Every structure is written in structure tokens, then in C-alpha cells.
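Keep in mind that the numbers below use all heavy atoms, side chains included, and drop hydrogens, waters and symmetry copies. All values derive from a computational prediction rather than experimental measurement.
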Amino acid sequence: MRAEIQNIVAEIQKSLELLAQRMDYETAPHRLEEFNARVEDPNLWDNPENAQKLMRERQVLVDAIETYESIKTDLNDNVELIELGEMEGDEEVVKDAEEALKKLRDKAAEKELEALLDGEADANDTFLEINAGAGGTESCDWASMLARMYVRWAEKKGYKVELQSETPGEEAGIKSAAYKISGHNAYGWLKSESGVHRLVRISPYDSAAKRHTSFSSVWVYPVVDDNIEIEVNPADIRVDTYRSSGAGGQHVNTTDSAVRITHIPTGIVVTSSEKSQHQNRDIAMKALKSRLYQMELDRRNAEINAAHEAKGDAGWGNQIRSYVLQPYQMVKDLRTSYETSDTKGVLDGDLDAFMAATLALKVSGKSRAEAQSDD
């Protein structure tokens, strides 16, 4: 077996070791038996919320076991094919098996990263908010580009995307937008995107064709499960209703019953602009609880807490990623130093490599400054 292929096999085996460790593979069959026994309980669905939670937890374990065993089987099968092909001098069989191992390495690496999403709320759905920074039309246009980027990313993942609220810019783009993104590990993947994003380009709104720098902020919060109790004192909130309307388009609602909730102690403001005032209040309260829950997670997680404390305004010195379209093409994450010249792909939703690099950095325990000093 060629040295290159031996290295690929070793990489896959390392990924398998991490997958086994993360799900505690030795006890997994016993835990699955316990889940199956509870699922067969005729009284299970007396409490639908608990039943759904149990079914989700069981499915996560089933998926983890199946993923591990599938990769392990494919690894063994292709190694055996290579050995057999080498013995019989069948170069075509060897070549096909080697190509299969290369693809398997990529799959194993992806699953390895997904296995690292084991935070308390990583598996949850998520709220994603985008706000234009200072800079008028330029920043509003940049905010709309970011919104499109994340919607494209979510769609590629097979996630469900729901627009919660949107404020259009005066001339173009958006001042702000809030989405709910639903799917397994939606928060775990997107949480690394919180921060200020910087764009450098030739402005389409500048007749002199000069370069402009624009900023927009992205903030991500987990959707709180109904079984997680987040108490909100009614005396601590102010509820305002108002008319919400936009410049048109399929995502824009016109209603007299939009709701804005302000949490006075923290200054958190959430809005919802669906057709029903009752629905708006419910959505806004869930968003507020998610924001408060995120604050609690921040207090428990020193790295996330430091990032949020340092977020500052959407401007110079606070960005986590730069998107340069002129005079050259480059997107660079300032926390991990990961970069790519495929700016079109990134703006079309190819973000997994950036998210994976940030996740790996978190697991390594390095700070942003340490990561940059290693560059």
C-alpha cells in the first residue's frame, strides 16, 4: 500500500477514534436499548414535549452509531480491496479503492467536526440577526448580501429558514433582518458567525468608482427548548405594537400588529412582524428568552463571553472576518487566519470551511491572539 494511502487510512482511523470517544461507543448499544424500551412505553406521548425530546435524543444516538459503523465498514472494505488488487495486479481495482478512501477521509473529517458540536445548545435551532453598521446605503447593501449568504448556506444544509422581521434600507438593502433557522446542529454551526463582518469593494453606488469599506454585524442565539425554563419578570419588559411595512417583495409583511419587546434590565430588543399580534408576541418572547439564555451560556463559557464583550460597534477593530473584493479577491477570518480567494463561493454560502476552522480552534483551546501568532 502506498505511503499516501497509508496516511489517509491513519487519518480516517483517527476520526473514528474521536467519533467513538464522543458518543462513548462502548456504552452506546446499552443506551440505545434503554431508549428503545422507553419509546415502547404506551404512556410516552402523554407528554408530547418530553416524547419529542426523547425521540430526538434517540435519533442522535442512532445516527452516531450508524455513521461510525458505516465509516469503519467502508474503511475495512476498501483496504481489503487494495490488498487484493495488489496481490492480483489489478491496478483498476486499486485505483478505485484509493479514490473511495479519499472521499471517505473527507466524510470522516466532516463527521468528526459534527461530533465536536456537543455544547449544551449546539443541536438546537437558532436565531440569526443581521444589522447594518454605520455607512448608510453601503452598509445596508452589505447587510443584504450577508443575509443572502446565510440563507444560501442554510438551504445547502437542508435547514428550514423563516424570516422573523426585516427593516429595509432607505435606498437599497436592509437595515436589519432576523431569521429563525431550523435543523439539527443549526446553532452549533452558526454560533461561530457572531461578530462584525467587513467588506471592501468598489461601490456600485459611487459614480467615482472608489473603494469603500462597509461593516455589518451578525449575532446568533439558540432557540430555547420549551422544557428549558427561562423566567422573565413581566415588570422587566415593555411591549410596543406598531405598524410594520416594507418596500415590497415576498419576504415583507404589512401589518398593524407588529410587536417589539424591550427587556429593560439588559436593553435587549426583539421584534416580530407576522400577521397575528398574538403570534408576534409569542415569537418575540421566545426570541427574548433565547437571547437571555445565550447570555447565561456566555457567562459559563469564557471564550464566548470574551468574544461578546469585545464585539463593540460594527466598525474598525471589531471585525471577525474581512471580505475583500478589490483590489484583490480574498475572504479571511481574523480569528483562525483561514482564508480563501473564492469570494464568489463564500458569498454564495460556502461557509463550512470557516466554521470548521473556528470550531477546531475552540477545541484546541487556543485564544484568537495565540492562533494569529502561530501564523
Checking side-chain hydrogen bond (donor to acceptor under 3.5 Å, both in side chains) for the pair Asn36/Glu40: CA distance, chi angles, key distance, verdict? CA-CA 6 Å; Asn36 290 338; Glu40 293 173 1; over 6 Å; no

Go through the side-chain N and O atoms of Asp352 and Trp153 and say whether any donor and acceptor fall under 3.5 Å apart. yes

Please step through side chain to side chain contact (heavy atoms under 4.5 Å, CB included) for the pair Tyr323 and Met149, ending with a clear verdict. CA-CA 12 Å; Tyr323 306 70; Met149 180 180 78; 3.7 Å; yes

N-O pairing of Glu57 and Lys53 below 4.0 Å: yes

Residue pair His212 / Ser203: nearest heavy atoms and the distance that separates them: CD2-CB, 3.3 Å

Closest non-hydrogen atom pair, Gly188 against Leu117: O-CD2, 3.4 Å

Backbone of Pro222 reached by a side-chain donor or acceptor of Ser290 within 3.5 Å: yes

Please check if the side chain of Arg335 supplies one atom and the backbone of Ser192 the other of a donor-acceptor pair under 3.5 Å. yes

Rest of the hydrophobic cluster containing Leu81 (Ile/Leu/Val/Met/Phe/Trp/Tyr, side-chain heavy atoms under 4.5 Å)? Val93

For Asp282, is there an ion pair with Lys286 - N to carboxylate O distance below 4.0 angstrom? yes

Spatial distance of atom CG (Leu75) from atom CG (Leu16) [nearest 0.5 Å]: 6.5 Å

Heavy atoms, side chains only, cut-off 4.5 Å: are Glu171 and Cys140 in contact? no

Are side-chain heavy atoms of Val200 and Tyr328 found at a separation under 4.5 Å? no

Under 6.0 Å between the ring centres of Tyr179 and Tyr150? no

Would you compute the distance between atom CD1 of Ile261 and atom CG of Asp236 and round it to the nearest 0.5 angstrom? 12.5 Å

May I ask you to test the Ser214-Ser139 pair for a side-chain heavy-atom distance under 4.5 Å? yes

Might you work through the side chain to side chain contact (heavy atoms under 4.5 Å, CB included) test for Gln164 and Val270, ending with a clear yes or no? CA-CA 10 Å; Gln164 302 291 303; Val270 291; over 6 Å; no

Ser144 side chain vs Asp141 backbone, donor-acceptor pair below 3.5 Å: yes

Counterpart residues, side-chain contact (heavy atoms from CB on, under 4.5 Å), relative to Lys14 (two or more places apart): none

Greater than 12 external heavy atoms within 6.0 Å of Glu155's CD: yes

Between Ile130 and Leu163, is there a shared hydrophobic cluster once you connect ILVMFWY residues whose side-chain heavy atoms come closer than 4.5 Å? yes

Any side-chain donor paired with an acceptor under 3.5 Å for Asn76 and Glu80? no

Is the shortest distance from a Lys or Arg side-chain nitrogen in Lys156 or Asp350 to a carboxylate oxygen in the other one below 4.0 Å? yes

Test item: Asn124 side-chain N/O and Val223 main-chain N/O as donor-acceptor pair under 3.5 Å: yes

Carboxylate-amine/guanidinium contact Asp122 Lys191, below 4.0 Å: yes

Close side-chain approach of Glu170 to Thr137, heavy-atom, < 4.5 Å: no

Determine, for Arg148 against Asp348, whether the closest basic-nitrogen to carboxylate-oxygen distance falls under 4.0 angstrom. yes

Do any N or O atoms from the side chain of Ser217 and from the backbone of Val196 form a donor-acceptor pair under 3.5 angstrom? no

Note: Glu98-Lys95 ion pair, threshold 4.0 Å (strictly below): no

What heavy-atom pair brings Thr343 and Met330 nearest, and what distance separates the two atoms? CG2-N, 3.4 Å

Flag the pair Leu32 / Arg58 as yes when at least one side-chain heavy-atom distance between them is below 4.5 Å, and no otherwise. yes

Taking the side chain from Trp142 and the backbone from His197, do they hold a donor-acceptor pair closer than 3.5 Å? yes

Just verifying a value: how many Å separate Glu99 CD and Lys102 NZ, rounded to the nearest 0.5 Å? 4.5 Å

Transitively linked via ILVMFWY side-chain contacts under 4.5 Å: Leu190 with Val346? yes

Common cluster, Leu288/Val269, ILVMFWY with side-chain heavy-atom separation under 4.5 Å: no

CD1 of Ile268 to CG of Leu292: how many Å apart, nearest 0.5 Å? 4.5 Å

May I ask you to test the Ser216-Met145 pair for a side-chain heavy-atom distance under 4.5 Å? no

Nearest heavy-atom neighbours spanning Asn78 and Ala100: OD1-CB, 3.4 Å

Looking at Arg22 and Glu112, does any basic side-chain N land under 4.0 Å from a carboxylate oxygen? no

Using a 4.5 Å cut-off on heavy atoms from C-beta on, say whether the side chain of Arg291 contacts that of Phe127. no

Do you know the tightest heavy-atom contact between Ala51 and Trp45? CB-CE3, 3.5 Å

How about Val9 and Leu101: do any of their side-chain heavy atoms sit closer than 4.5 Å? yes

Please round to the nearest 0.5 Å and tell me the distance separating atom CD of Glu166 and atom OG1 of Thr271. 11.0 Å

Within a 6.0 Å radius of atom CZ on Arg38, are there more than 12 heavy atoms belonging to other residues, nucleotides or ligands? no

Please give me the minimum heavy-atom distance between Leu334 and Ser322, naming the atom from each residue. CD1-OG, 4.3 Å

Hey, mind stepping through Arg321 and Glu193 against side chain to side chain contact (heavy atoms under 4.5 Å, CB included) and telling me if it holds? CA-CA 9 Å; Arg321 190 176 300 148; Glu193 295 299 294; 2.8 Å; yes

Is a side-chain donor or acceptor of Ser194 paired with a backbone partner of Val220 at a separation under 3.5 angstrom? yes

Check whether more than 12 heavy atoms from other residues, nucleotides or ligands sit under 6.0 Å from atom CZ of Arg31, and answer yes or no. yes

Does Arg2 have more than 12 heavy atoms from other residues, nucleotides or ligands lying within 6.0 Å of its CZ? yes

Rounded distance [0.5 Å steps], CG in Leu146 versus CG in Asn131: 11.0 Å

Under a 4.5 Å side-chain heavy-atom rule over Ile, Leu, Val, Met, Phe, Trp and Tyr, are Val60 and Val39 clustered together? no

Quick check on Lys103: does its NZ atom have over 12 non-hydrogen neighbours (other residues, nucleotides or ligands) under 6.0 Å away? no

Go through Met285 and Ile237 one step at a time and tell me if the side chain to side chain contact (heavy atoms under 4.5 Å, CB included) criterion holds. CA-CA 10 Å; Met285 281 301 297; Ile237 63 174; 4.1 Å; yes

The residue among Glu69, Lys111, Lys72, Glu114 that forms side-chain contact (heavy atoms from CB on, under 4.5 Å) with Leu19 is Lys111

Ring centres of Tyr338 and Phe354 under 6.0 Å apart? yes

